[in-house]
Amino acid sequence: MSSESATAASFAGLPPPGSVVVVRAFGWIMLATLVVFLLDNWLIAWMKWPGVAPIFAGQGSGLAWLQLGGYVAGVVVAIGFVLNTPQRGLRLESETFSNVNAFVIRAAFWGVLFVGVADAAISFLRVENLLPAVVGEHLGTELGRSHFRGPAVHLPLLALGIVVAAFTRTIGFHWLALLIVIAELTIVITRFVFSYEQAFMGDLVRFWYAALFLFASAYTLIEEGHVRVDVFYTTFAPRRKGLVNAIGSILLGMSVCWVILLVGMGGRSSIINGPLINFEVTQQGFGMYVKYLMAGFLGLFAISMLIQFVAYLLESVADWRGEPGARSHEAGAGH
């Protein structure tokens with residue numbers, strides 16, 4: 001921006017244009033760190049790399065330094081991208097992050113839909129002793145092992161969810177909510193009319209409900225659908241609301257997401273990594289084998305919310321600066 005433009009902006013009451021670069025850089029650094037952290041977590045939990053912690057204990061190996069270098073490289077790339085794309089505004093950047101996040105959530109919803117239907121069907125065939133007749137004795141036995149069902153059934157279906165999400169635009173959680181109602185209604189009918197109920201039926205409701213609650217949170221955030229318990233916020237001017245939202249995104253939003261990620265993925269036996277590595281299942285006999293995926297839901301919740309909080313931060317700073325193009329949330333989450 002030229003000196004004349006900067007002077008005009010200052011007369012218009014806008015904060016200095018340098019704030020755009022700083023906020024964009026902060027957002028990209030946050031997301032670059034997230035990507036490197038997830039890669040680092042995979043290397044630690046599944047490839048048994050040491051991580052960066054030994055470095056601070058004076059025992060760092062070459063692999064540990066390589067992992068630390070990944071974080072440095074992520075920060076450098078993020079800053080370099082921001083400096084080389086000065087034409088990208090805050091609202092454009094925010095929309096880009098929200099679109100990426102929408103794809104992630106859309107893929108997750110399709111994935112849990114496919115996995116839920118397939119795993120419930122397998123569990124039903126197992127509990128009724130029909131599985132060997134359908135798939136054979138050997139495969140029927142293998143499908144009773146979580147370490148086989150997870151990689152052979154769940155992971156391909158999750159990959160299919162990603163493919164389907166690339167060709168759809170609807171988020172899909174409205175349909176998932178309907179499926180939860182249908183699944184619960186099925187339990188009521190079979191229990192009280194036919195005196196029939198199995199563990200997998202309740203597991204399916206919990207599986208889909210957990211996905212609905214955790215995956216829809218990021219979308220609800222961007223649509224201003226979360227309930228605000230406040231007294232003063234509704235009376236603020238748009239610029240002051242933007243400032244409050246920006247500060248809250250960092251102090252109350254991103255910080256919580258990072259706590260979940262650091263605690264949940266702090267090692268091979270952590271509350272998210274442990275179940276995923278071991279394909280952990282419930283102890284209810286012929287229930288569904290999706291407990292480990294529900295642990296992963298918590299990680300995906302933190303990831304999607306962190307991405308959305310970065311997008312929300314950029315949008316809020318744009319509101320604080322008084323930039324045109326503010327989004328209207330009057331329609332709510334009606335898509």
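Residue indices begin at 1 and follow the sequence shown.
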For this session: Locate the shortest heavy-atom distance separating Ala218 from Ile105; write the atom from each residue and the value.
Result: CB-CD1, 3.7 Å

Contacts under 3.5 angstrom, residues 249-257 side chains, donor-acceptor by atom type, not counting sequence neighbours:
residue, atom, partner, partner atom, Å
Ser249, OG, Asn245, O, 2.7
Ser255, OG, Leu251, O, 2.4

For this session: Please tell me if the side chains of Pro275 and Met294 come closer than 4.5 Å, counting only heavy atoms from C-beta onward.
Result: no

For this session: Report, as yes or no, whether the 6.0 Å neighbourhood of atom CH2 on Trp46 holds more than 12 heavy atoms from other residues, nucleotides or ligands.
Result: yes

Exercise. Under a 4.5 Å cut-off applied to non-hydrogen side-chain atoms, are Glu323 and Val20 in contact?
Worked result: yes

For this session: Taking atom CD of Glu95 as the centre, report whether more than 12 heavy atoms of other residues, nucleotides or ligands fall under 6.0 Å from it.
Result: no

Seminar exercise, completed: d(Leu298 CG, Phe301 CZ) to nearest 0.5 Å is 7.5 Å

For this session: Could you give me the CA-CA distance, side-chain angles and deciding distance for Val75 and Val36, then say whether side-chain contact (heavy atoms from CB on, under 4.5 Å) is met?
Result: CA-CA 10 Å; Val75 172; Val36 177; over 6 Å; no

Problem set entry | pair Met47-Trp42: side-chain heavy atoms closer than 4.5 Å | yes

Seminar exercise, completed: CG (Leu31) and CD1 (Ile307) are apart, to the nearest 0.5 Å, by 6.0 Å

Exercise. Does Ile247 share a hydrophobic cluster with Ile29, counting links as ILVMFWY side-chain heavy atoms below 4.5 Å and allowing steps through other members?
Worked result: yes

For this session: Report the relative orientation of the aromatic rings in Tyr209 and Phe213; use parallel for angles under 30°, tilted for 30 to 60°, perpendicular for over 60°.
Result: parallel

For this session: Could you tell me which non-hydrogen atom of Gly116 sits nearest to which non-hydrogen atom of Leu204, and how far apart they are?
Result: O-CD1, 3.6 Å

Exercise. Quick one: does Phe97's side chain get under 4.5 Å of Trp28's, heavy atoms only?
Worked result: yes

Problem set entry | Val35 vs Leu39 side-chain heavy atoms within contact, under 4.5 Å | no

Exercise. Under the side chain to side chain donor-acceptor pair (under 3.5 Å) criterion, do Ser98 and Gln308 qualify, and how do the steps go?
Worked result: CA-CA 6 Å; Ser98 293; Gln308 202 60 66; 2.9 Å; yes

For this session: Count the heavy atoms belonging to other residues, nucleotides or ligands that lie under 6.0 Å from CZ of Arg240, then report whether that count exceeds 12.
Result: no

For this session: Please tell me if the side chains of Ile162 and Leu158 come closer than 4.5 Å, counting only heavy atoms from C-beta onward.
Result: no

For this session: Check step by step if side-chain contact (heavy atoms from CB on, under 4.5 Å) holds for Val23 and Phe26.
Result: CA-CA 5 Å; Val23 174; Phe26 177 82; 5.5 Å; no

Exercise. Which class fits the ring pair His154 and Tyr292: parallel under 30°, tilted 30 to 60°, perpendicular over 60°?
Worked result: parallel

Exercise. Same cluster or not: are Phe37 and Ile79 linked, directly or through other Ile, Leu, Val, Met, Phe, Trp or Tyr residues, by side-chain heavy atoms under 4.5 angstrom apart?
Worked result: yes

Seminar exercise, completed: OG1 (Thr96) and CG (Asn101) are apart, to the nearest 0.5 Å, by 12.5 Å

Exercise. Could you state the interatomic distance from CG (Leu160) to CG (Leu155), rounded to the nearest 0.5 Å?
Worked result: 12.5 Å

Exercise. Phe207 and ring pair (Phe, Tyr, Trp, His ring centres under 6.0 Å): which partner among Phe114, Tyr289, Phe200, Phe297?
Worked result: Phe297

Exercise. Taking C-beta and beyond as the side chain, do Asn273 and Arg268 meet within less than 4.5 Å on heavy atoms?
Worked result: no

Exercise. Does Phe109 have Arg106 sitting over its ring (NZ/CZ under 6.0 Å from centre, angle to axis within 45°)?
Worked result: no

Problem set entry | Lys/Arg N to Asp/Glu carboxylate O, Arg91 vs Asp319, below 4.0 Å | yes

Exercise. Hydrophobic cluster mates of Val76, side-chain heavy atoms under 4.5 angstrom, ILVMFWY only, any path?
Worked result: Val72

Problem set entry | Atom of Glu93, atom of Arg88 and distance for their closest heavy-atom approach | OE1-NE, 2.6 Å

Problem set entry | Gln198 side, atom CD; Ile187 side, atom CD1 - distance, nearest 0.5 Å | 11.0 Å

For this session: Could you tell me whether Asn129 atom CG has more than 12 heavy atoms of other residues or ligands within 6.0 Å of it?
Result: no

Problem set entry | pair Arg149-Phe279: side-chain heavy atoms closer than 4.5 Å | no

Exercise. Can you name the closest pair of heavy atoms from Met30 and Trp258 and give their distance?
Worked result: SD-NE1, 2.9 Å

Seminar exercise, completed: Leu63 and Pro50 have their tightest heavy-atom pair at CB-CD, 3.8 Å

